[in-house]
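Treat the numbers as computed from the prediction; the structure is a model and nothing was measured.
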Amino acid sequence: SRRRKTRSHCDWSSDVCSSELQKKTLILEKQQSELKKGLETSGSKEKPYKSSANNFPINQEKIILGLVSLQSGNPDQAVEHLQDILKAKKATKLKGDILMAIGNGFLAQGHSKQAASHYGLFLREYPKSRYTPQALYYLGQAMKDLGEVEKQKILWKELIKNYPQSSLAKRAKKLLR
């Protein structure tokens, strides 16, 4: 059983905390939109079976249920629905988007260990993705939450070195001072 952290990610005023939550919500909504687009454009050669409950193919239904779970703040349930994609050997854009969305979902819920796992997997499978700066930053944040401050510094220094123009690199640089 997973224990939920009681301390907040926001150590500042409630206005800043609210702003951080709004930003994370926007990121999740953007990723959800991109996942939906990926679903619409990814044509599978296999003929998916139809669910008896509706007209969606079963794999598409699982993705929709996973997205709804993420949107409602339940990344554990999202992982259950999306496990077929997450366990796939092939690194697809859809899988990368899902890894980032689930990592963000776990981090937003205070489950830093699970978030770190998903960000780490993303970085191993998608080292040249446009989301690499985000993965490095939020993996660093998860490491900090887990008390691994040296790992956080290493990740953020890598972010600053390799992606100096990224807004997250600038934020990390400011926070490392």
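Taking every heavy atom of both residues into account, Leu107 and Ser112 meet most closely at CD1-OG, 4.1 Å. For Ser166 against Leu159, the heavy-atom pair with the smallest separation is OG-CD1, 4.5 Å. Contact detail for Leu70 and Ala78: the closest heavy-atom pair is CG-CB, 3.7 Å. When all heavy atoms of Met143 and Ala116 are compared, the pair lying nearest together is CE-CB, 3.6 Å. Taking all atoms of both residues into account, the shortest heavy-atom contact from Phe106 to Pro75 is CD2-CG, 3.5 Å. Residue Ser72 comes nearest to Ser69 through the heavy atom pair OG-O, 3.1 Å, listed as atom of the first residue, atom of the second, then distance.
The environment of Lys113 atom NZ is sparse: at most 12 non-hydrogen atoms of other residues, nucleotides or ligands sit within 6.0 angstrom.
Annotation: the span from Leu82 atom CG to Leu94 atom CG amounts to 8.0 Å, rounded to 0.5 Å. Of the inter-residue distances, the one linking Ile160 atom CD1 with Leu136 atom CG reads 10.5 Å to the nearest 0.5 angstrom. To the nearest 0.5 Å, atom CG of residue Leu139 and atom OG1 of residue Thr132 are 11.5 Å apart. Between the NZ atom in Lys157 and the CG atom in Leu176 there is a gap of 7.0 Å [rounded to 0.5 Å]. Between the CG atom in Asp76 and the CD atom in Gln109 there is a gap of 9.0 Å [rounded to 0.5 Å]. Summarising the geometry, atom NZ belonging to Lys153 is positioned 11.0 Å from atom NZ belonging to Lys144; distances are rounded to the nearest 0.5 Å.
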Might you work through the side chain to side chain contact (heavy atoms under 4.5 Å, CB included) test for Leu155 and Gln152, ending with a clear yes or no?
-> CA-CA 5 Å; Leu155 289 161; Gln152 175 209 22; 5.8 Å; no
May I have the list of side-chain donor-acceptor pairs in residues 118-125 shorter than 3.5 Å, sequence neighbours left out?
| from | atom 1 | to | atom 2 | distance (Å) |
| --- | --- | --- | --- | --- |
| His118 | ND1 | Gln114 | O | 2.9 |
| Tyr119 | OH | Gly103 | O | 3.3 |
| Tyr119 | OH | Asn104 | N | 3.1 |
| Tyr119 | OH | Asn104 | OD1 | 2.4 |
| Arg124 | NH1 | Gly120 | O | 3.4 |
| Glu125 | OE1 | Lys95 | NZ | 3.0 |
| Glu125 | OE2 | Lys95 | NZ | 3.2 |

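A donor-acceptor contact shorter than 3.5 Å links the side chain of Tyr126 to the backbone of Gly96. Side-chain N or O atoms of Trp156 include one that pairs as donor or acceptor with a backbone N or O of Tyr137 at under 3.5 Å.
Residues passing the ring pair (Phe, Tyr, Trp, His ring centres under 6.0 Å) test with Tyr163: none are found, sequence neighbours excluded.
Cluster membership for Tyr138 and Leu146, using ILVMFWY side-chain heavy atoms within less than 4.5 angstrom, is shared. Cluster membership check: Ile154 does not share its hydrophobic cluster with Leu168, using side-chain heavy-atom separations under 4.5 Å among Ile, Leu, Val, Met, Phe, Trp and Tyr.
Applying the ring pair (Phe, Tyr, Trp, His ring centres under 6.0 Å) test to every pair with at least one member in residues 66-88, sequence neighbours left out, gives no pairs at all.
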